[in-house]
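To start, the structure under review is shown below, and the notes come after it.
Keep in mind that the numbers below use all heavy atoms, side chains included, and drop hydrogens, waters and symmetry copies.
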Amino acid sequence: MDTADIILRAALVGMGGTIVLDLYAFLMQRMFGVPANWKMVGRWLGHMSKGEFVQTNVEQAEPVPGEHALGWAFHYVIGIAYGLLLVAIWGADWLRQPGIGEPLILALALLVLPYFVMMPGMGMGIAGSRTPKPNVTRLKSVIGHSMFGIGMYLTARLMEALG
């Protein structure tokens, strides 16, 4: 594999992981009414252009034009970045012989970002401490990140099988 192929495959691994996460979130919403709201992430990001990096309650913040699309785009850009980071850490050999441990370790280690950046920035407190059920919020993040890690692994295995 040349460098361009490695980068493309790593990006696809991240995108595939994000798709698996979204399929899981869709099933959770359909079966249990558990929402995934990328619109609020877009609103949080949109307010950053005004120098507002922390919201008291992002749901009460003024809507931002295109916030839903912005949130979804950010979600996929982050997923792709994580795929690139995975291969940057474990190397291109991981793409040739993917294991499940590496993407799970990365996905769970990266919980630091939603717990200590995203949630506090959106007014949910550190690790969701200001949400109505903080432990449920944390567990949802752990499960979501785990699904993402599994999705990265499955995507890499599929690419490996297809050649």
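For residues 45-65, no pair satisfies ring-ring contact (aromatic ring centres under 6.0 Å, His included), with sequence neighbours left out. Identified under the ring-ring contact (aromatic ring centres under 6.0 Å, His included) test for residues 90-115, with sequence neighbours left out: none.
Of the possible polar contacts, one joining the His145 side chain to the Ala107 backbone as a donor-acceptor pair under 3.5 Å is found. A donor-acceptor pair is defined here as one N or O able to donate and one able to accept, closer than 3.5 Å; such a pair exists between the side chain of Trp44 and the backbone of Gly121.
Scanning all heavy atoms of the two residues, the minimum distance from Leu106 to Met152 falls at CD2-CE, 4.4 Å. The two residues Ala25 and Ala36 make their nearest non-hydrogen contact at CB-CB, 4.1 Å. Summarising the geometry of Pro103 relative to Tyr153, their closest heavy-atom pair is CG-CB, 3.9 Å, with the distance given to 0.1 Å. Between Pro120 and Pro114, the shortest heavy-atom distance links the atoms CD-O, 3.9 Å.
Residues Met48 and Val64 do not share a hydrophobic cluster, defined by chaining ILVMFWY side chains whose heavy atoms lie under 4.5 Å apart. Linking ILVMFWY residues whenever their side-chain heavy atoms come closer than 4.5 Å, directly or via other members, places Val117 and Leu111 in the same cluster. A single hydrophobic cluster is seen to contain both Met119 and Val112, as judged by linkage of ILVMFWY side chains at heavy-atom distances under 4.5 Å, directly or through other members. Transitive grouping of hydrophobic side chains (ILVMFWY, heavy atoms separated by less than 4.5 Å) brings Phe116 and Val142 into a common cluster. Val41 and Ile126 fall within the same hydrophobic cluster, defined by Ile, Leu, Val, Met, Phe, Trp and Tyr side-chain heavy atoms under 4.5 Å apart, directly or through other members.
By the side chain to side chain donor-acceptor pair (under 3.5 Å) test, Asn135 pairs with Arg138, sequence neighbours left out. Qualifying salt bridge (charged side-chain N to carboxylate O under 4.0 Å, His left out) partners for Asp93, counting only residues two or more places apart in sequence or in other chains: Arg96. Evaluation of the side chain to side chain donor-acceptor pair (under 3.5 Å) rule for Thr137 yields Thr131 as partners, not counting sequence neighbours. In this view, Arg130 satisfies the salt bridge (charged side-chain N to carboxylate O under 4.0 Å, His left out) rule with no residue, not counting sequence neighbours. Legend: residues meeting ring pair (Phe, Tyr, Trp, His ring centres under 6.0 Å) with Tyr82, ordered by chain and number and at least two apart, are Phe148. Scanning for side chain to side chain donor-acceptor pair (under 3.5 Å) contacts around Glu160 gives Arg157, with sequence neighbours left out. The side chain to side chain donor-acceptor pair (under 3.5 Å) search around Ser129 returns none, not counting sequence neighbours.
Heavy-atom neighbours of Lys50 NZ from other residues, nucleotides or ligands within 6.0 Å: above the threshold of 12. For Ile100, the CD1 atom sits in a packed shell: over 12 heavy atoms of surrounding residues, nucleotides or ligands are nearer than 6.0 Å.
Side-chain contacts under 4.5 Å among hydrophobic residues (ILVMFWY), followed directly or transitively, place Val77 with no other residue at all. Hydrophobic cluster of Val136: no remaining members, since no ILVMFWY side chain lies below 4.5 Å from it.
Remark: Leu21 CG to Ile143 CD1 distance equals 11.5 Å, nearest 0.5 Å. The distance from the CE atom of Met147 to the NZ atom of Lys140 is 15.0 Å, given to the nearest 0.5 Å. Note that CD1 of Ile19 is 5.0 Å distant from OH of Tyr76, once rounded to the nearest 0.5 Å. Here CD of Glu67 is found 4.0 Å from CZ of Arg43. Values are rounded to the nearest 0.5 Å. In this structure, OG1 in Thr18 is found 7.0 Å from CD1 in Ile80, a value given to the nearest 0.5 Å. The CG atom of Leu108 sits 4.5 Å away from atom OG of Ser146, with the distance rounded to the nearest 0.5 Å.
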| said: One pair to check against side-chain contact (heavy atoms from CB on, under 4.5 Å): Leu158 and Leu154. What are the steps and the verdict? | reply: CA-CA 6 Å; Leu158 178 62; Leu154 293 174; over 6 Å; no
| said: Please determine whether side-chain contact (heavy atoms from CB on, under 4.5 Å) holds for the pair Met118 and Leu113, giving the CA-CA distance in whole Å, both sets of side-chain angles, and the decisive distance to 0.1 Å. | reply: CA-CA 6 Å; Met118 192 169 145; Leu113 295 173; over 6 Å; no
| Can you check side-chain contact (heavy atoms from CB on, under 4.5 Å) on Gln55 and Met122, steps first, answer last? | CA-CA 5 Å; Gln55 297 295 318; Met122 294 175 68; 5.7 Å; no
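Tested against Phe32 for a side chain to side chain contact (heavy atoms under 4.5 Å, CB included), the candidates Arg30, Gln29, Met28 yield a single pass: Met28.
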Show the atom names and distances, to 0.1 Å, of all donor-acceptor pairs under 3.5 Å that link a side chain in residues 5-16 to residues at least two apart or in another chain.
{"unit_1": "Asp5", "atom_1": "OD1", "unit_2": "Arg9", "atom_2": "NE", "d": "3.4"}
{"unit_1": "Asp5", "atom_1": "OD2", "unit_2": "Arg9", "atom_2": "NE", "d": "3.1"}
{"unit_1": "Arg9", "atom_1": "NH2", "unit_2": "Gly163", "atom_2": "O", "d": "2.8"}

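A perpendicular orientation is assigned to the rings of Trp72 and His75, their planes being inclined by more than 60° (bins at 30° and 60°).
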